[in-house]
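Remember, it's 1-based here, ligands and their atoms both numbered in the order they're listed. These values consider heavy atoms only, across backbone and side chains, with no hydrogens, waters or symmetry-generated copies.
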Amino acid sequence: MTTLRNNWSIEEIEKIYHKPLLELVFEAAQVHNANNAYSEVQVSSLLSIKTGGCPEDCSYCPQAARYNTDVNVHKLMQVDEVIEKAKRAKNGGSSRLCMGAAWREVRDNRDFDRVIEMVKEVNALDMEVCCTLGMLTYEQAQKLADAGLYAYNHNIDTSEEYYSDIISTRTYNDRLKTIENARKAKLTVCSGGIIGLGEANEDRIGMLKVLSNLEKHPESVPINVLVPVEGTPLAEQPRVPFDDLVRMIATARIIMPKSVVRLSAGRTELSIAEQAMCFMAGANSIFAGDELLTTPNPSFSEDKAMFKLLGLKSREAFKDKKQPILQN
Ligand code: SAM
Ligand code: DTB
Ligand code: SF4
């Protein structure tokens with residue numbers, strides 16, 4: 001039986017991250033096989049329920065009001081529109097809907113009441129519901145949990161040291177506090193980061209240390225590859241070499257053996273063979289549907305063909321609840 005550890009040191013993680021690539025993938029595949037259904041992939045869809053106009057300055061984000069991007073700003077969607085999209089996502093094969101809002105934080109107002117209604121109604125469709133709404137108090141997390149929210153996404157994005165180079169309008173600690181609030185309200189936690197922001201390997205390793213040293217590992221860990229968007233400060237960042245992505249996924253898999261590791265933004269730039277190597281290295285979730293929040297993503301039909309080719313199966317909804325991660 002695997003014991004889950006939350007005391008990984010930088011040196012240990014570094015050693016894993018820098019192994020010869022195929023050795024690393026082989027080890028990660030073994031850990032994955034010992035802890036999870038090897039060919040099973042959890043499929044989520046994203047929906048931007050409130051788009052653009054965000055007061056934060058995250059340098060990667062097309063939705064920050066201060067950057068001049070092509071994003072169509074849109075106020076909070078109506079509940080029935082969301083349900084329509086949720087049904088479409090379910091028909092496409094997604095077991096989870098993740099609703100994203102370009103907010104700095106949740107405010108206790110009518111918009112939040114509407115989000116609560118959305119959570120209730122999507123939950124009633126027998127889909128896992130996830131929200132990513134920015135910072136959250138414990139009381140707000142509790143309200144979402146009471147409405148049937150399954151997961152809360154709040155990424156730490158990078159290492160604590162590099163964070164202020166990317167975002168200046170909030171601190172690393174603010175992020176950790178929200179994750180703690182979600183945990184306390186018994187929501188499952190989805191937290192990961194982005195590679196390709198100009199960070200060093202040390203920052204990636206530092207980020208993985210923070211995630212794996214949380215009292216309980218996040219149930220899901222999204223690894224995003226930067227989607228460079230014109231108008232944002234990171235628009236001209238060079239593309240992340242594919243082996244860096246594989247290293248990141250494999251290392252996350254080895255140190256957080258039972259978490260769902262999500263191959264997130266950036267898939268449109270990856271071949272099926274490259275994605276296959278990510279799945280071998282332990283990735284076991286994707287975002288499906290032809291849009292992420294504001295940028296393109298492979299279509300349901302392309303992904304269906306890929307699943308067929310690789311012999312992957314979609315994971316049923318609520319499997320976590322049936323087999324919770326046991327830790328400590
Ligand atoms: N406003 C909320 C927040 O920041 O937590 C929720 C939405 S925000 C868009 C969710 C996550 O998307 C960010 O934490 C970041 O990791 C990811 N993201 C945003 N823009 C991205 C980009 N251009 N490429 C890759 N990931 C991106
Ligand atoms: C996550 O880690 N990645 C998703 C989801 N969680 C919210 C968002 C990716 C956004 C990519 C840029 C865009 O489409 O706006
Ligand atoms: Fe706003 Fe979230 Fe984008 Fe940052 S990542 S600018 S908080 S929407």
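Below 3.5 Å of separation, one finds no N or O of Q63 facing any N or O of ligand 1. Residue A101 has at least one nitrogen or oxygen atom sitting less than 3.5 Å from a nitrogen or oxygen atom of ligand 1, judged on distance alone. Considering both main-chain and side-chain atoms, N155 comes within under 3.5 Å of ligand 1 through a nitrogen or oxygen pair. Looking at T132 next to ligand 2, no N or O pair under 3.5 Å apart turns up. The distance criterion of under 3.5 Å between nitrogen or oxygen atoms is not met by P62 with respect to ligand 1. Remark: ligand 2 and Q63 share no N or O pair separated by less than 3.5 Å (distance only, no angle test).
Contact between F287 and ligand 2 is present, with at least one heavy atom of the residue lying under 4.0 Å from the ligand. Remark: distances from the non-hydrogen atoms of V227 to ligand 2 are all 4.0 Å or more.
For ligand 2, the atoms sitting less than 4.0 Å from at least one non-hydrogen atom of N155 are 1 (C), 2 (O), numbered in the order shown with element in parentheses. Within the listing of ligand 2, atoms 4 (C), 5 (C), 7 (C) sit less than 4.0 angstrom from a heavy atom of L46. Against a heavy-atom cut-off of under 4.0 Å, I194 is close to the following atoms of ligand 1: 15 (C), 16 (O), 26 (N), 27 (C). When each atom of ligand 3 is checked for a heavy atom of Y60 under 4.0 Å away, the hits are 5 (S).
Of all the heavy atoms of N153, the ones lying under 4.0 Å from any atom of ligand 2 belong exclusively to the side chain.
Distance remark: protein heavy atom present below 4.0 angstrom from atom 8 (S) of ligand 3.
Cation-pi geometry between R5 and W8 is met: under 6.0 angstrom from the ring centre, within 45 degrees of the axis.
For atom 4 (Fe) of ligand 3, the nearby protein N/O/S atoms, meaning those under 2.8 Å, are C58 SG.
With salt bridges taken as basic N to acidic carboxylate O contacts below 4.0 Å, none links K90 and D126. Between K313 and E40, none of the side-chain N atoms (NZ, or NE/NH1/NH2) sits under 4.0 Å from a carboxylate O, so this pair counts as no salt bridge. Using a cutoff of 4.0 Å between basic side-chain nitrogens and carboxylate oxygens, E202 and K209 are not scored as salt-bridged.
Of the candidates L46, T132, L226, it is T132 that places a heavy atom closest to atom 7 (C) of ligand 1.
Between the side chains of Y172 and D157, not a single donor N or O lies within less than 3.5 Å of an accepting N or O.
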